[in-house]
J.: 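I am attaching a structure below and will ask some questions about it afterwards.
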Amino acid sequence: MAHYKDERTLVIIKPDAIQRTLIGEIIGRYERIGLKLVTMKMFVPTAEMIEQHYTLDPQWRRVTGEKTIKGYMDKGLKPPSTDPLEITRILLEKLKEYMTAGPVIAMIWQGAHAVKIVRKLTGGTEPLTSDVGTIRGDYVLDSYQMSDSDGRAIRNLVHASGSVKEAEDEIKHWFTKKEIIDHKLISEQITYDIEFGC
Ligand code: ADP
Ligand code: MG
């Protein structure tokens, strides 16, 4: 079995974060907790790659639609549709526009519980309700209501894989084996070595 420290996750710095010159802030948050940046690249994605990315998980359409409906109901508001699949059918088109609007940076981060740690630092999907102290809670304001009434995707700066399985699939989707750099960091000895040999 792989050690906890070998867990990897995928992060994409979205076009809005790059336009707002937040690359350093975002990378710094993942770096300072002790995760390792395995590899990264900057490029403008195609709409096809974005559609495939969001539909790698066959449940994504239903789950994201249901999460949107709950986001409205929790605030006592009426969702744009009661059909989760109708919500994500429209959303997928908006996501393609958003995510291909300019360059993004795709990164692989590694460390113990990398998937959950990165989601915790990133914050919940809707910036209006993302926790303070998270990237989405601290650096951006947006809501389901505003993005839906303006007919666009929520601008929330970062994508982060939602589960270990999603991370594995997304890493394969965005990176070739050759692009993944297996390197060691000195700091990993302090974080993980059993003997604390200073
Ligand atoms: P997360 O990125 O937190 O994993 P999802 O996978 O559910 O969130 O959704 C993917 C992305 O689609 C979100 O990060 C956000 O940019 C956008 N999004 C999700 N739901 C909505 C919605 N109801 N209206 C507008 N944009 C949305
Ligand atoms: Mg997701």
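We count ligands from 1, going down the list as the structure has it; atoms in each ligand are counted the same way. It should be emphasised that the depicted structure is a prediction, and the values quoted were computed from it without experimental measurement.
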J.: Backbone N or O of Arg62 within a donor-acceptor pair of the Lys67 side chain at under 3.5 Å?
T.: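 The answer is no, because no donor-acceptor pair under 3.5 Å joins these two groups.
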J.: Return yes when Arg119 approaches ligand 1 closer than 4.0 angstrom through a heavy atom, no otherwise.
T.: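 Heavy atoms of Arg119 do come under 4.0 Å of ligand 1.
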J.: In terms of residue, atom name and distance, what is the protein heavy atom nearest to atom 27 (C) of ligand 1?
T.: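 Answer, as residue, atom name and distance: Leu91 CD1, 3.3 Å.
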J.: Between the candidates Val63, Ile87, Thr64, which shows the shortest non-hydrogen contact distance to atom 9 (O) of ligand 1?
T.: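 Residue with the shortest heavy-atom distance to the ligand atom: Thr64.
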J.: Going by the order shown, which atoms of ligand 1 are within less than 4.0 Å of some heavy atom of Arg152?
T.: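 Here the atoms of ligand 1 in question are 25 (C).
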J.: Between Thr125 and ligand 1, which residue portion shows a heavy-atom distance shorter than 4.0 Å: side chain, backbone, both, or neither?
T.: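 Both the backbone and the side chain of Thr125 come within reach of ligand 1.
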J.: Can you find a non-hydrogen atom of Lys94 under 4.0 Å from ligand 1?
T.: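 Contact check Lys94 vs ligand 1: negative.
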J.: Which ligand 1 atoms does Tyr144 reach within 4.0 Å, using its non-hydrogen atoms?
T.: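 With Tyr144 as reference, the close atoms of ligand 1 come out as 20 (N), 21 (C), 22 (C), 23 (N).
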J.: Could you give the side-chain donor-acceptor pairs of residues 31-38 under 3.5 Å, partners two or more places apart or in another chain?
T.:
residue	atom	partner	partner atom	Å
Lys36	NZ	His183	O	2.5
Lys36	NZ	Glu188	OE1	3.3
Lys36	NZ	Glu188	OE2	3.3

J.: For ligand 1, indicate whether the residue Ile154 contacts it via side chain, backbone, both or neither (heavy-atom separation under 4.0 Å).
T.: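 For Ile154, backbone and side-chain atoms both sit under 4.0 Å from ligand 1.
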J.: Relative to each other, are the rings of Phe43 and Trp174 parallel, tilted or perpendicular (30° and 60° limits)?
T.: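 Ring orientation of Phe43 relative to Trp174: tilted.
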J.: Using distance alone, decide if ligand 1 has a nitrogen or oxygen within less than 3.5 Å of any nitrogen or oxygen in Asn156.
T.: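 Looking only at distances, the answer is yes, because the N/O contact criterion of under 3.5 Å is met.
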J.: Give, for atom OG of Ser161 and atom NE2 of His53, the distance between the pair rounded to the nearest 0.5 Å.
T.: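 Going from the OG atom of Ser161 to the NE2 atom of His53 covers 7.5 Å.
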J.: Under 4.0 Å, heavy atoms only, figure out whether ligand 1 is touched by the backbone of Asp148, its side chain, both or neither.
T.: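 Just the side chain.
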J.: Parallel under 30°, tilted from 30 to 60°, perpendicular over 60°: which one fits the rings of His113 and Tyr4?
T.: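 Aromatic pair His113/Tyr4 classed tilted.
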J.: In terms of atom number and element, which parts of ligand 1 are under 4.0 angstrom from non-hydrogen atoms of Thr68?
T.: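 The atoms of ligand 1 under 4.0 Å from a heavy atom of Thr68 are 20 (N), 22 (C), 23 (N).
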J.: Quick one: does ligand 1 sit under 4.0 Å from the side chain of Thr122, the backbone, both or neither, non-hydrogen atoms only?
T.: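 Neither part.
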J.: Does this structure show an ion pair linking Glu86 with Arg89, if we count only N-O contacts that are shorter than 4.0 Å?
T.: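 Yes, charged N to carboxylate O under 4.0 Å.
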J.: Using the six-membered ring wherever Trp is involved, compare the ring planes of His3 and Tyr192 and label them parallel, tilted or perpendicular (cut-offs 30° and 60°).
T.: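 The rings of His3 and Tyr192 stand perpendicular, inter-plane angle above 60°.
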J.: At under 4.0 Å between heavy atoms, which part of Arg136 makes contact with ligand 1: side chain, backbone, both or neither?
T.: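 Only the side chain of Arg136 comes within reach of ligand 1.
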J.: Do Lys94 and Asp150 meet the salt-bridge criterion of a basic N to acidic O distance under 4.0 Å?
T.: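 Salt bridge between Asp150 and Lys94, a charged N being under 4.0 Å from a carboxylate O: no.
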J.: I need the atoms of ligand 1 closer than 4.0 Å to a non-hydrogen atom of Ser147, numbered in the order shown.
T.: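 So the atoms of ligand 1 that pass are 24 (N), 25 (C).
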J.: Between atom OG1 of Thr9 and atom CE of Met107, what is the distance when rounded to the nearest 0.5 Å?
T.: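 Nearest 0.5 Å value for the OG1-CE distance: 10.0 Å.
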J.: Against heavy atoms of Tyr54, which atoms of ligand 1 measure under 4.0 Å?
T.: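 Checking each atom against Tyr54, I get 10 (C).
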J.: Should you measure from each heavy atom of Lys14, which atoms of ligand 1 turn up under 4.0 Å away?
T.: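 Ligand 1 atoms under the 4.0 Å threshold to Lys14: 13 (C), 14 (O), 16 (O).
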J.: Quick check on Arg155 - does any of its heavy atoms sit under 4.0 Å from an atom of ligand 1?
T.: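 Not so, Arg155 does not reach ligand 1.
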J.: Output side-chain donor-acceptor pairs under 3.5 Å for residues 10-17, partner residues at least two apart or in another chain, one line each.
T.:
residue	atom	partner	partner atom	Å
Lys14	NZ	Asn156	OD1	2.8
Asp16	OD1	Tyr98	OH	2.8
Asp16	OD2	Tyr98	OH	3.2
Asp16	OD2	Leu157	N	3.2

J.: Do Lys41 and Phe175 form a cation-pi contact, if we require the NZ or CZ to be under 6.0 Å from the six-membered ring centre and within 45 degrees of the ring's axis?
T.: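 Yes.
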J.: Got an N/O contact under 3.5 Å between Trp60 and ligand 1?
T.: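 For ligand 1, there is an N or O atom that lies under 3.5 Å from one belonging to Trp60.
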J.: Quick one: which ligand 1 atoms are inside 4.0 Å of a heavy atom on Lys67?
T.: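 Near Lys67, meaning under 4.0 Å from one of its heavy atoms, ligand 1 has 3 (O), 5 (P), 7 (O), 8 (O).
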J.: Among all the protein's non-hydrogen atoms, which is closest to atom 11 (C) of ligand 1, and how far away is it?
T.: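 Going atom by atom, the protein heavy atom closest to atom 11 (C) of ligand 1 ends up being Leu95 CD2, 3.8 Å.
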J.: So, taking the atom named CD in Glu97 and the one named CG in Leu95, what distance separates them when rounded to the nearest 0.5 Å?
T.: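 Going from CD on Glu97 over to CG on Leu95, the span is 9.5 Å.
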